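Remember, it's a predicted structure, so these values are computed and weren't measured experimentally.
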Amino acid sequence: AIDFNELLKVLKQRLTDQVAKHGMYNLAKCDAVITTSTTPANQKAELNDIFKLLDGSKTPSDTSKVHRVQLALLITGDIGREMDLSAQRGVADRLKGIYLGYFDSWSEELKSAASYALGNAAVGAPKAFLQAMVNKLEEDNKKQQYLLLSALREFIQSTRNNVEDSVSVIVPPLELHCADEDEGVRTMVAGCFGSLACLQPKPALSKLAELQMSHSTIVTSKGAVAEEDTASKKNAHVCWTVATSVKHAIAGKVDVTELSQYMPTFVQLLSQDEVSVRNAALLMVYSAVHHMPQVVAGLLKDSIMPSLYEVAGLKLERKVDLGPFTHTVDDALPLRKAALSIFATCLENLPGNLDISEFMPVLAKSLGDAEDIQLHAHQIVISMCSRQPTYVVASVETFIEPLEKTMNKKHGQKTGTELERLNDWIKSALRVMLTLSKLEGAMNSRNFAEFVERIKGNSKFSLLLAAMEEM
């Protein structure tokens with residue numbers, strides 16, 4: 001058998017300035033494993049060495065010393081995940097002070113390591129560390145909220161099967177911060193709720209549904225809430241957090257049966273006019289169609305598709321004054337992009353639940369939208385040529401105008417990457433035309449045949465078309 005101190009020395013020697021983040025975390029896990037497996041005397045000696053380094057929560061100016069502090073923090077968390085650190089007199093209180101002290105460090109690595117350590121230490125000693133987290137989250141300390149929530153998420157994900165006993169402690173601070181002005185804080189709240197839903201679906205999903213229903217009144221004008229309407233602002237933040245939480249839960253493989261009971265409530269968020277809420281709801285539905293199509297299959301026709309068709313034609317343009325000139329911003333652009341992604345995924349995962357003939361006008365309109373949407377629409381048309389050729393041929397004439405408009409884009413003063421991007425855009429449209437022209441029945445359309453002949457006869461496209469034909 002190898003001696004504990006010899007093995008510990010070997011591990012410590014592996015720490016260099018060049019060690020990558022995952023290497024640092026793996027070193028900490030190795031140290032924690034041998035420490036929790038050794039004698040109480042060795043454990044005490046290792047913790048004492050760590051305290052010498054961490055006491056006072058000081059951030060060294062030297063990079064190599066910062067790495068030593070980072071490793072020490074990670075080790076305490078990994079040890080705390082495997083054993084109850086509160087069983088040793090004074091250790092838990094000492095560590096709580098150290099962790100919270102490093103939340104104010106200038107080093108992002110040390111802040112992150114302290115958050116990780118606090119969350120993991122709470123697994124072995126929830127009464128000591130989890131309660132401390134919750135108490136601090138109830139304070140109005142904006143600088144520490146994100147790190148505390150990150151620690152809480154670490155606790156939820158690490159405690160796994162034992163989280164049931166802590167649900168009543170975890171949920172109140174999440175509910176408190178789900179309307180936070182800071183999107184980063186709300187994103188972390190959503191991550192916590194999503195992780196909790198995967199482990200304890202019934203209490204987590206029912207709380208999210210309750211939050212949504214009690215904050216559903218959002219008054220908007222052109223997709224935005226008035227600056228002075230604090231009630232609608234708060235409700236919009238809560239609904240955004242609910243939708244994002246469900247998206248995380250779906251990605252984390254939440255129980256399908258449990259989620260199915262609440263999904264009819266969650267998809268109601270699609271009817272909200274506030275832009276950020278509707279976008280979050282669309283991303284939630286996209287996640288469901290992609291990861292768990294069975295959860296939304298029965299809701300597509302009546303609850304989801306009407307909203308998607310509305311969003312597909314939505315424009316929310318506003319002028320932004322940039323001094324010498326004004327710039328037009330379309331706040332509905334991300335919504336249309338998300339809606340098209342849902343349509344495309346439905347074609348793959350739920351083709352029997354999608355009325356394709358009703359979708360074709362949406363696709364034709366997307367071919368004339370902003371660049372990103374056009375390029376996605378090009379991919380969808382090419383994919384449908386092999387999967388749903390009949391619908392494509394029937395709609396081929398509606399594709400002519402937007403495709404030709406893209407092909408005839410002017411280069412203007414564009415150079416470098418801008419010019420390269422424009423050329424790729426034009427190539428994409430040409431590729432769509434060639435694919436369509438090979439479909440049986442497509443060239444029977446006089447207008448489409450003339451369009452193909454017109455483009456092929458244009459000398460500026462001859463080299464591009466020749467290269468594509470050879471592929």
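- Contact detail for Ala249 and Ala197: the closest heavy-atom pair is CB-CB, 3.9 Å.
- Contact annotation: the side chain of Gln200 never approaches that of Ile170 to less than 4.5 Å [non-hydrogen atoms, C-beta and beyond].
- Remark: Asn279 engages Leu283, Pro334, Leu335, Ala338 in a side-chain contact (heavy atoms from CB on, under 4.5 Å) (not counting sequence neighbours).
- Without hydrogens or angle criteria, Ser395 side chain to Val392 main chain gives no donor-acceptor distance under 3.5 Å.
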Residue pair Phe343, Tyr309: steps toward the ring pair (Phe, Tyr, Trp, His ring centres under 6.0 Å) verdict
CA-CA 10 Å; Phe343 281 123; Tyr309 287 121; 5.3 Å; yes
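- Side-chain N or O atoms of Asn353 include one that pairs as donor or acceptor with a backbone N or O of Ala297 at under 3.5 Å.
- Here the closest heavy-atom approach between residue Ala128 and residue Ala92 is recorded as CB-CB, 4.1 Å.
- Between Arg186 and His177, the shortest heavy-atom contact is CG-O, 4.0 Å.
- One finds the CD1 atom of Ile382 at 8.0 Å from the NE2 atom of His378 (value rounded to the nearest 0.5 Å).
- Put simply, the side chain of Val277 does not reach to within 4.5 Å of the side chain of Val242, judged on heavy atoms.
- Summarising the local packing, CD of Gln294 is surrounded by more than 12 heavy atoms from other residues, nucleotides or ligands at distances under 6.0 Å.
- For Gln157 and Ser195, the side-chain atoms include at least one donor-acceptor pair closer than 3.5 Å.
- Panel note: side chain Thr241, backbone Ala190; no donor-acceptor pair is recorded below 3.5 Å.
- The heavy-atom pair separating Thr59 from Ser107 by the smallest distance is CG2-CB, 4.1 Å.
- In this model, a donor atom of one side chain and an acceptor atom of the other lie less than 3.5 Å apart for Gln131 and Asn135.
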What do the steps show when you test Lys233 against Glu227 for salt bridge (Lys or Arg N to Asp or Glu O under 4.0 Å), and what is the final call?
CA-CA 8 Å; Lys233 272 191 171 183; Glu227 194 64 37; 2.8 Å; yes
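- Note that the CH2 atom of Trp240 and the CG atom of Leu269 stand 12.5 Å from one another [nearest 0.5 Å].
- One finds the OG1 atom of Thr326 at 12.5 Å from the CZ atom of Arg318 (value rounded to the nearest 0.5 Å).
- When all heavy atoms of Lys315 and Ala332 are compared, the closest pair comes out as CA-CB, 3.9 Å.
- Leu300 has its side chain within reach of Leu350: a pair of non-hydrogen atoms, C-beta onward, lies under 4.5 Å apart.
- Side chain of Ser206 to main chain of Pro203: a donor-acceptor pair is present (N/O by atom type, distance under 3.5 Å, no hydrogens or angles).
- Inter-residue side-chain proximity for Pro60 and Lys58 is flagged as unmet; no heavy-atom pair is nearer than 4.5 Å.
- Annotation: Lys301, atom NZ; neighbour count of heavy atoms from other residues, nucleotides and ligands within 6.0 Å does not exceed 12.
- With rounding to the nearest 0.5 angstrom, the CG atom of Asp255 is 9.0 Å from the CG atom of Leu205.
- The shortest distance between side-chain heavy atoms of Glu183 and His237 does not fall below 4.5 Å.
- With hydrogens and angles disregarded, a donor-acceptor distance shorter than 3.5 Å links the side chain of Thr36 to the backbone of Ala32.
- Using modelled atom types and a 3.5 Å distance limit, the side chains of Asp330 and Thr328 yield no donor-acceptor pair.
- In this structure, the side-chain contact (heavy atoms from CB on, under 4.5 Å) partners of Gln268, at least two apart in sequence or on a different chain, are Gln212, Met213.
- Remark: the backbone N or O of Leu27 is not paired with any side-chain donor or acceptor of Asp31 at under 3.5 angstrom.
- Rounding to the nearest 0.5 Å places NZ of Lys12 at 9.0 Å from CZ of Arg68.
- Of all the heavy atoms in Cys239 and Ser216, the pair that sits closest is SG-CA, 4.4 Å.
- One finds a salt bridge joining Lys136 and Glu139 here, because a Lys/Arg side-chain nitrogen approaches an Asp/Glu carboxylate oxygen to under 4.0 Å.
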Which donor-acceptor pairs under 3.5 Å do the side chains of residues 111-123 make with protein atoms, sequence neighbours left out?
unit_1	atom_1	unit_2	atom_2	d
Ser115	OG	Leu147	O	2.8
Ser115	OG	Ser150	OG	3.3
Ser115	OG	Ala151	N	3.1
Tyr116	OH	Lys29	NZ	3.3
Tyr116	OH	Asp78	OD1	2.6
Asn120	OD1	Arg81	NH1	2.8
Asn120	OD1	Ser158	OG	3.1
Asn120	ND2	Tyr116	O	2.9

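- Between Thr76 atom OG1 and Leu47 atom CG the span is 8.5 Å, to the nearest 0.5 Å.
- By the side-chain contact (heavy atoms from CB on, under 4.5 Å) test, Lys427 is found to be paired with Asp424, Arg431, Leu464, Met468, residues two or more places apart in sequence or in another chain being considered.
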I'd like to know whether Glu310 forms a salt bridge (Lys or Arg N to Asp or Glu O under 4.0 Å) with Arg278, so could you lay out the CA-CA distance, the side-chain angles of the two residues, the decisive distance to 0.1 Å, and finally the verdict.
CA-CA 12 Å; Glu310 180 188 345; Arg278 186 177 267 190; 3.5 Å; yes
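- Sorted by first and then second residue, the side chain to side chain donor-acceptor pair (under 3.5 Å) pairs involving residues 165-176 (not counting sequence neighbours) are Glu175-Lys207.
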Acceptor/donor pairs from residues 256-267 side chains to any protein atom, 3.5 angstrom cut, sequence neighbours excluded:
unit_1	atom_1	unit_2	atom_2	d
Glu258	OE1	Lys202	NZ	3.4
Ser260	OG	Val256	O	2.7

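- One finds a salt bridge joining Asp372 and Lys337 here, because a Lys/Arg side-chain nitrogen approaches an Asp/Glu carboxylate oxygen to under 4.0 Å.
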Step by step, would you call Leu149 with Leu174 a side-chain contact (heavy atoms from CB on, under 4.5 Å)?
CA-CA 8 Å; Leu149 287 164; Leu174 296 181; 3.9 Å; yes
